[in-house]
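Heads up, the thing below is written out as structure tokens.
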Amino acid sequence: MTTTPIPIAAHNPSAMTGPGNHTYLVAGRDGSAALIDAGVGHSQHLTELADRLSAERCELRHVLVTHGHADHASGAPALASRHPAAMFSKFPWPREDERYEVAWRALADGDTVSVGDEVLTALHTPGHSPDHLAFWIERTRTIFTGDLVIPGRSVMIHTSAGGNLTQYFASLERLLALDALVLLPAHGPRIDTPAQVLNGHLEHRRMRERQVLDALRAGRATVEAIAESIYDGLDPALVPAARENVRAHLEKLKTDGVAVTDESGRWRL
Ligand SMILES: [Zn+2]
């Protein structure tokens with residue numbers, strides 16, 4: 001019986017997911033278990049999960065999905081057919097959730113899910129996506145951070161697909177205030193220095209914001225021109241992501257009342 005969360009690889013390496021996602025199994029003392037994130041339904045993921053459940057003498061009762069992006073949610077139907085006792089829960093994002101045919105149970109901010117005496121609290125932490133939940137275990141001061149934190153990388157904020165940088169800043173601040181001991185991200189290794197990594201992500205964004213402001217001050221008025229000035233010499237394959245990031249910053253500056261855009265889509269301070 002292991003009470004520390006067990007990482008189980010989703011086996012979905014790609015350009016977007018790097019080496020692939022982690023899902024995490026939380027096994028309770030009463031023979032129930034919860035899986036954080038559903039993976040993509042890869043047969044190796046399903047096999048490793050089944051092996052772990054039998055080693056822990058546990059039945060899968062809960063699948064808690066951090067958000068509706070395919071690398072976190074698309075494995076839900078495959079899990080449902082193998083684990084009929086499992087309930088699938090996430091913060092609702094109707095248009096996205098209906099892509100995966102399971103009976104989603106809605107989780108709201110502050111809702112708790114218990115496996116044995118382990119209690120997981122859902123924290124609505126939008127920004128990367130509108131439906132993003134982190135899961136907090138107060139007993140061990142552990143947070144499953146989904147896609148809010150990626151060690152050594154910048155988290156994508158797709159403003160055109162429900163991402164919001166203003167919310168993302170607030171979500172990082174909220175996690176920081178919990179004073180956690182461990183962060184377990186969906187991508188990348190376990191984090192034992194939460195404050196340092198969360199502050200690093202916040203500082204990285206503030207630095208980008210200063211660069212966007214400098215570019216606006218220099219008269220650069222389009223997403224393309226601003227991205228080019230900041231990410232000079234960038235691999236062409238990464239240009240769309242860089243522009244998406246600039247767009248996220250401009251939208252935040254608009255919300256802050258610092259930047260404005262005209263009908264032709266040109267930006268200025
Ligand atoms: Zn995501």
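Order of listing sets the numbers, starting from 1, for every ligand and every atom in it. Not measured: the values here are computed from a predicted model. In this chain, residues are counted from 1 in sequence order.
Considering H67, H132, R174 as possible partners of T125, the one that fulfils the side chain to side chain donor-acceptor pair (under 3.5 Å) test is H132.
Checked for salt-bridge contact, K252 and D256 meet the test: a charged N lies under 4.0 Å from a carboxylate O.
Any protein N/O/S atom under 2.8 Å from the Zn ion (ligand 1) was counted, giving 4 altogether.
Note: H128 and H69 meet the aromatic proximity criterion, with ring centroids under 6.0 Å apart.
Taken to the nearest 0.5 Å, the CG atom of L178 stands 5.0 Å off from the CH2 atom of W136.
Between the side chains of E48 and H11, a donor-acceptor pair is found at a separation under 3.5 Å.
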Stepwise ring pair (Phe, Tyr, Trp, His ring centres under 6.0 Å) check, H72 with H187: CA-CA 11 Å; H72 302 260; H187 304 275; 5.6 Å; yes
